[in-house]
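Input: a single structure, listed below in structure tokens.
Below, read A as the first sequence line, B as the second, and so on, with proteins coming before strands; counting in each chain starts at 1. All values reported here derive from a predicted model rather than from experimental measurement.
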Amino acid sequence: MKSLKELEEIKQRTLDSVNLRQDRTGGTRVVVGMGTCGIAAGARPVLLAFLEEIKKRNLGDVTVVQTGCIGVCRLEPMVEVTLPGEEKVTYVKMTADKVKRVVAEHVVNGQVVSEFTIGAAE
Amino acid sequence: MSTSILQDNKEKFAELQRIIDEYKDKEGPLMLILHKAQELFGCLPVEVQEYIAESLDIPLTDIYGVATFYSQFTLQPKGKYTIGVCMGTACYVKGAQAVLDELSKEIGIKPGETSEDFVFTLEATRCLGACGLAPVIMINDDVYGRLVPSDIKGIVDKYRGR
Amino acid sequence: MEFYRSHVLICGGTGCHSSGSGEVMETFKSELAKHNLENEIKLVQTGCFGLCAVGPVVIVYPEGAFYSRVKDEDVSRIVTEHLLKGRIVTDLLYHDSVHEDEAIKSLNEVEFYKKQMRLALRNCGVIDPEKIEEYIAFDGYKALGKVLLEMTPEETINLIKASGLRGRGGAGFPAGLKWEFTAKAQGDKKYVCCNADEGDPGAFMDRSILEGDPHSVLEAMTIAGYAVGADQGYIYVRAEYPIAVKRLTIAIAQAREAGLLGRNIFGTDFSFDIELRLGAGAFVCGEETALMASIEGMRGEPRPRPPFPAVKGVFGKPTLLNNVETYANIPPILLNGPEWFQSIGTEKSKGTKVFALGGKINNTGLVEVPMGTTLREIIYEIGGGIPDNKEFKAAQTGGPSGGCIPAQHLDTPIDYDSLTQIGSMMGSGGLIVMDNENCMVDIARFFLDFTVDESCGKCPPCRIGTKRMLEILERITQGKGEEGDIEKLQELGRSIKSSALCGLGQTAPNPVLSTIQYFREEYEAHIRDKRCPAGVCQALLQIIIQAELCKGCGLCIKACPVDAISGERRSPHVIDQSKCIKCGACLEKCPFKAIVKG
């Protein structure tokens with residue numbers, strides 16, 4: 001160890017992988033519906049795609065959780081994305097490819113991908 | 001006597017010499033060496049103490065003094081399984097004495113003794129720090145907690161057969 | 001970068017380890033592999049969460065789900081339901097961690113944690129103690145960097161002095177002063193030592209810190225080395241703590257590799273290294289001069305002070321000796337400033353204290369509270385009260401050096417001085433709760449038995465005096481007590497206190513003196529009425545059949561191993577007291593609860 005800068009680098013490198021363990025209020029929250037219907041409709045690949053994109057883009061401040069059935073089985077796999085201080089947005093009939101756009105446009109740039117939302121499907 | 005032990009355990013004494021060489025230049029090496037020697041021989045018989053005394057060039061009485069001062073050093077061989085009954089306060093107020101009495105009755109030896117077949121050594125130990133599970137016993141590295149005297153027979157039987 | 005959507009924290013402290021957390025960890029590993037979840041979910045073995053009573057404890061983030069008493073066979077449900085499908089397995093959650101609407105409480109809302117303030121335990125149960133990066137991620141070694149690069153040794157010592165930190169090992173000596181004495185002492189070589197010889201029965205906070213956050217101790221010792229001018233440190237740790245020894249060994253190797261121990265730390269010309277020294281089962285080695293003799297490889301016998309260790313310590317050189325918990329407080333004080341630390345606690349005792357809660361209490365485990373918290377808050381709010389709603393009788397603090405605190409002092413704010421005032425002491429932090437089924441004479445006997453066994457034998461007051469006290473106590477508990485015994489105990493106690501060589505001898509009579517002070521009538525009952533009110537002292541017990549409840553079924557006659565019970569069928573039976581061996585077998589068998597101890 002030669003300097004505080006070096007120490008800070010180790011800290012930053014590790015922080016993203018441990019701050020999940022603190023009670024957090026801020027940050028973006030991604031909820032994937034993983035009820036039986038969701039899993040049957042392909043929720044696992046969607047979940048994995050989210051993890052992949054987050055890893056690729058170094059998004060430390062995103063929490064990905066699963067939940068049970070969100071309730072509209074015919075529109076599964078469903079995903080809810082909540083940016084800090086904003087309304088929840090529900091995406092339906094998700095696929096791994098759609099995830100890429102949601103992360104790039106919504107999670108990173110704050111632009112809701114309206115064509116995938118539940119409003120567009122109804 | 002002393003020479004025959006040396007000859008019977010040539011390999012172990014060679015290992016002891018290696019340990020002594022490794023530690024002798026450290027500050028205050030005696031306890032470090034005794035810990036390792038006990039791991040190696042299972043106890044610290046007088047021949048081992050003599051060997052260390054000669055190698056380190058310190059009086060045998062000093063070594064005997066240290067080996068008998070600390071309760072974890074033992075001059076006699078122990079049983080295959082050492083049963084430690086925690087007598088810390090938390091265990092005591094939750095009935096450790098009854099557990100110890102039951103063990104003593106079940107194995108037929110008093111605390112501090114080793115059974116004739118060298119299977120069990122029974123000890124009343126200091127706090128093991130698992131107070132949340134009081135009362136606790138430890139058989140070698142296995143911990144048993146929240147015990148009542150009627151659990152004892154079953155636990156001891158598990159080790160008898162091995 | 002690594003990204004895991006979920007972290008599974010498994011407690012690897014000694015408490016949970018003993019109740020099987022090792023197997024639980026292995027099962028999680030294989031279950032996660034079975035469902036291909038290894039790259040999404042991170043398994044972390046942490047230090048103690050504190051709630052040992054309900055171990056093994058597993059916490060799953062980000063939800064913060066607190067699973068308790070997790071058994072091997074529960075793991076596959078947690079993996080398939082919670083980790084795969086996102087449905088928390090509510091029936092396995094710790095009962096107090098769920099709201100009535102089934103929403104999960106954050107840990108700070110759980111009754112056990114609500115009033116706690118975790119400073120010394122800040123990283124226990126949060127980080128993986130075997131990974132130095134995780135310690136660094138939570139600001140580890142930042143205080144060391146700050147001290148080495150921005151502060152002089154004098155400034156460092158002044159800051160610790162200003163914080164008001166007192167030694168957590170028992171006596172409560174101001175830590176900053178000790179540092180200053182050692183720094184000012186003349187010597188070509190100096191040492192920094194850590195007392196991790198936690199010998200008080202029922203105390204395990206130091207072990208939990210070493211197991212859960214070993215780097216905090218290494219960092220603080222290195223800071224102390226810089227402040228007092230030492231280049232070598234020793235940690236004297238009990239051999240009874242194998243997990244702590246293992247984690248410390250790993251931590252020292254990692255710190256050396258990262259250049260945080262060794263030569264030219266942070267590119268300065270300061271060098272410092274740390275070695276472990278193992279105890280071998282001698283309680284007296286917790287006393288500072290005995291501990292130093294033991295580090296030198298000799299019999300751990302105390303010697304008179306002065307000279308104090310700060311002047312003449314290990315190998316005759318000036319030595320700074322602090323306890324584990326004291327060191328664990330150092331890094332946050334340096335990072336947050338002395339004013340912050342001053343704002344916590346009472347007027348004369350700053351900061352927090354870790355207590356090991358044990359005995360007759362629901363939430364046995366480790367708690368850390370601000371100084372000034374009352375015993376009532378600790379026992380009834382954090383500790384969840386006494387099992388079966390039994391009545392509180394006394395709390396024992398300070399181990400064999402401390403005393404018993406009765407119910408009338410439940411509302412005393414706890415700090416160093418208040419505890420001494422009511423005849424006990426802080427000690428290292430063991431807190432054993434006792435109810436009406438614990439006999440105070442027997443407890444005093446228990447501690448004296450411990451002291452006699454552990455007395456090193458060097459000074460007569462301790463070697464002979466405590467032995468005489470024990471003999472009197474044994475007589476009393478066997479029903480052979482005499483008038484004047486209490487006064488004899490008090491007189492012996494007072495002279496041992498004033499004449500023994502070391503702190504252990506001087507405090508050895510405390511358990512006896514404090515129980516006489518608060519529970520004198522219990523001693524008198526033993527001596528005059530030959531009666532043990534708590535029903536503990538075997539020799540004074542009688543097992544009696546209450547005639548009005550006995551239906552004469554004969555079950556007790558069959559159960560009695562010595563044929564002490566007789567009586568016609570359907571008429572009340574009686575126990576022949578001269579034959580009875582008080583085994584209690586009849587008591588368990590009686591279907592009408594007609595047999596009682598008295």
Which region of C/L261, side chain (C-beta onward) or backbone (N, CA, C, O), has a non-hydrogen atom less than 4.5 Å from a non-hydrogen atom of chain A, or is it both or neither? neither

C/K142, part contacting chain A, at a heavy-atom distance under 4.5 Å: both

Under 4.5 Å heavy-atom distance to chain A, tell me which part of C/L149 shows up: side chain, backbone, both or neither. side chain

Max heavy-atom pairs within cutoff under 4.5 Å with chain C, candidates A/K2, A/E8, A/R29, goes to A/K2

Counting heavy-atom pairs under 4.5 angstrom with chain A, the leader among C/H82, C/K85, C/E81 is C/K85

Which one, A/E52, A/E6, A/R44, leads in non-hydrogen pairs under 4.5 Å with chain C? A/R44

Hey, what do you get for OG (C/S97) to CD (C/E111), rounding to the nearest 0.5 Å? 12.5 Å

Given the options C/V44, C/N264, C/T268, C/I265, which has more heavy-atom pairs under 4.5 Å with chain A than any of the others? C/V44

Heavy-atom proximity to chain A below 4.5 Å, by part of C/L148: neither

Chain A contact via C/E63 - side chain, backbone, both or neither, heavy atoms under 4.5 Å: side chain

Give the member of C/L84, C/L9, C/I59, C/L260 that has the highest number of heavy-atom pairs under 4.5 Å with chain A. C/L84

In terms of heavy-atom proximity below 4.5 Å to chain A, should C/V60 be classed as side chain, backbone, both, or neither? neither

